[in-house]
Amino acid sequence: MAHALVAQVEKALLPAPPERLGVAVSGGSDSLALLHLLHEIYRETPFSLQAVTVDHGLRPEAADEAETVAQVCAGLRVPHETLRWSGWDGGGNLQGSARLARYRLITDWARSKSIDAVALGHTADDQAETLLMRLARGSGVDGLSAMAPRRMSQGIKLLRPLLGVRREALRDYLRDRGVAWTEDPSNEDTRFERIRMRQALDVLEPLGIDVDTLGQVAFNMARAREALDWQAFLEARRIATAEPGAIRFLWRAYRILPDEIARRLLVRAIGWISGSDYPPRRTPMLDLIETLKRDAGGTLEGTRIKRYGQNLWVFREFNAIKDLTCGTEDLWDAHWCLSGPRERDGLRIAALGETGLAQCPNWRASGRPREMLLASPAVWSGSDLVSAPLADHACGWRISSERSGEEFFASLLSH
């Protein structure tokens, strides 16, 4: 059994194991088994394996559990670090907030260690539960694809080598090795949707709706998603242009696309402009597309979507960044960089806005929509405008972005 599990994890790491791999370990059976399996693989290579644990601070036992993981890692000679989260204010969706925080902490940690990929311990059981949760929400093809074997988050590749493995097989593997794991009491708490779905699987299994069947459905949906993504990519190459700070579609061609392809293009455009890892929900997206067909515009996820002439433009919404400011040596809005003569002290980058646009007499020559320019980055000295490159008022300054136009097109083929 151990050999088969090692082979499965090795296959998931193809075409080659990352030279510096992180593994997220909670102390539960799934992630602990993944740690041991990866250790078996990596101890025979010159590559580096490092472990990380996130202590959400939600249970008094969590700190001791993280220390236990640290001791296990020390025994395996795998470097380990515990990250602590203290960001929950008691409101909203606890598990959702904790999940987002966990991914943010893990990807930040990976970047600090020059780690390009992190392995996560999600299993076939997790996949089945996720699919049922998405089904209950009326998800489309993307949602019913459930969890992808690999995806990018904040520039870090997240790998799930155990998606085809049952949880009980991993526990048998640990038992054979004499390794104990931690049982999280929240795994029995029916206040959480995932636990209710886990219990529902016991009822559905006699009907043939079991973990393996749901995993096959997720696989089938993933293949359908790939076909839709490819079609969206081809249409983007035909009708889309990636401008500095904007995506522009030929409206006449966009408006006659099938709804699902039109939705995918707009979802990716919004994500590329906003920098968000998570797409807008399906219903607001479809409502927005119908609104656009009635010769109107809209805002969503910090972006402005509006028709100008023969084009549909997607760019940053002014209200989303109107109070954002930083020094000229920093990235503005997480991706803009401006460089030029620093003849004055106290220069800062902020949105151009109405005050700045009034100081750009040639802004129309840029060919960019007025609303887009209001949300574009500009260099300020107090209340005096120094430079606004996108509004044709560069004054010796240059502008560049961490997000290239090709990244937008590539995003249509990645998850």
Side-chain angles (χ1 to χ4, degrees), residues 1-55 65-84 102-124 126-127 147-167 169-174 176-182 277 407 410 413-415:
M1 179 182 67
H3 177 74
L5 289 175
V6 169
Q8 180 125 353
V9 174
E10 285 182 317
K11 182 179 178 181
L13 298 177
L14 293 176
E19 293 187 10
R20 296 176 63 85
L21 177 66
V23 55
V25 187
S26 67
S29 58
D30 305 343
S31 61
L32 204 57
L34 180 58
L35 169 67
H36 282 272
L37 290 165
L38 288 170
H39 175 256
E40 289 191 43
I41 296 169
Y42 269 71
R43 67 182 178 181
E44 304 297 333
T45 74
F47 301 153
S48 166
L49 177 66
Q50 299 185 51
V52 62
T53 300
V54 176
D55 175 3
E65 292 166 2
E67 179 57 32
T68 298
V69 173
Q71 293 173 9
V72 171
C73 290
L76 297 174
R77 296 185 179 180
V78 173
H80 172 269
E81 187 170 345
T82 297
L83 310 175
R84 290 176 174 82
R102 180 164 61 251
Y103 285 134
R104 177 180 56 77
L105 288 168
I106 288 173
T107 52
D108 287 347
W109 168 81
R111 276 194 301 274
S112 73
K113 301 291 184 181
S114 299
I115 291 171
D116 295 327
V118 177
L120 308 174
H122 297 117
T123 66
D126 295 312
Q127 184 76 307
M147 293 182 287
R150 55 183 64 201
R151 73 177 183 89
M152 296 298 294
S153 178
Q154 302 296 321
I156 303 298
K157 186 181 296 181
L158 301 180
L159 308 176
R160 297 185 175 100
L162 302 177
L163 278 185
V165 180
R166 293 295 304 270
R167 180 174 294 121
L170 296 173
R171 293 186 170 187
D172 287 342
Y173 166 78
L174 292 176
D176 289 344
R177 296 175 64 92
V179 177
W181 62 87
T182 299
D277 273 346
E407 287 178 358
L413 298 174
S414 64
H415 285 266

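- Residue pairs satisfying the salt bridge (charged side-chain N to carboxylate O under 4.0 Å, His left out) criterion with at least one member in residues 68-80, sequence neighbours excluded, are absent.
- Judged as a salt bridge (charged side-chain N to carboxylate O under 4.0 Å, His left out), the pairs with a partner in residues 27-45 (not counting sequence neighbours) are, in order, Asp30-Arg167, Glu40-Arg177.
- Qualifying side-chain contact (heavy atoms from CB on, under 4.5 Å) partners for Arg84, counting only residues two or more places apart in sequence or in other chains: Asp55, Thr82.
- Considering only residues two or more places apart in sequence or on other chains, Gln71 meets the side-chain contact (heavy atoms from CB on, under 4.5 Å) condition with Glu67.
- Taking the side-chain hydrogen bond (donor to acceptor under 3.5 Å, both in side chains) definition, one finds that Asp116 meets it with nothing, sequence neighbours left out.
- Residues Ser153 and Thr107 share a closest heavy-atom pair of O-CG2, 3.4 Å.
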Under 3.5 Å, which donor-acceptor pairs link side chains of residues 6-21 to any protein atom two or more places apart or in another chain?
unit_1 : atom_1 : unit_2 : atom_2 : d
Arg20  : NE     : Lys113 : O      : 3.3
Arg20  : NE     : Ser114 : O      : 3.2
Arg20  : NH2    : Lys113 : O      : 2.7

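- Take Leu105 and apply the side-chain contact (heavy atoms from CB on, under 4.5 Å) test, not counting sequence neighbours, and it matches Val54, Leu83, Trp85.
- Judged as a side-chain hydrogen bond (donor to acceptor under 3.5 Å, both in side chains), and not counting sequence neighbours, the contacts of His80 are Thr53.
- Residues Leu34 and Pro161 share a closest heavy-atom pair of CD1-CG, 4.1 Å.
- Residues Ala33 and Tyr173 approach most closely at O-CE2, 3.9 Å, considering heavy atoms.
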Inset, instruction - Please step through side-chain contact (heavy atoms from CB on, under 4.5 Å) for the pair Arg160 and Gln127, ending with a clear verdict. - result: CA-CA 10 Å; Arg160 297 185 175 100; Gln127 184 76 307; over 6 Å; no

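- Listed by chain and number, the residues in a side-chain hydrogen bond (donor to acceptor under 3.5 Å, both in side chains) with Ser26 are Ser31 (sequence neighbours excluded).
- Residues Val78 and Ala51 approach most closely at CG1-N, 3.9 Å, considering heavy atoms.
- Counting only distance, with no hydrogens or angles, the side chain of His122 and the backbone of Met147 share no donor-acceptor pair below 3.5 Å.
- Side-chain contact check for Leu37 versus Leu162: some heavy-atom pair is nearer than 4.5 Å.
- Rounding to the nearest 0.5 angstrom, the gap separating the CG atom in Leu32 from the CH2 atom in Trp181 is 9.5 Å.
- Listed for the Arg166 side chain is no donor-acceptor partner under 3.5 Å among the backbone atoms of Thr123.
- Contact annotation: the side chain of Tyr103 approaches that of Leu120 to within less than 4.5 Å [non-hydrogen atoms, C-beta and beyond].
- Under the side-chain hydrogen bond (donor to acceptor under 3.5 Å, both in side chains) criterion, Gln50 pairs with no residue at all, not counting sequence neighbours.
- Nearest approach of Leu35 to Leu49, heavy atoms of both residues: O-CD2, 4.5 Å.
- Among all heavy-atom pairs drawn from Gly22 and Ile115, the shortest one is N-CG2, 3.5 Å.
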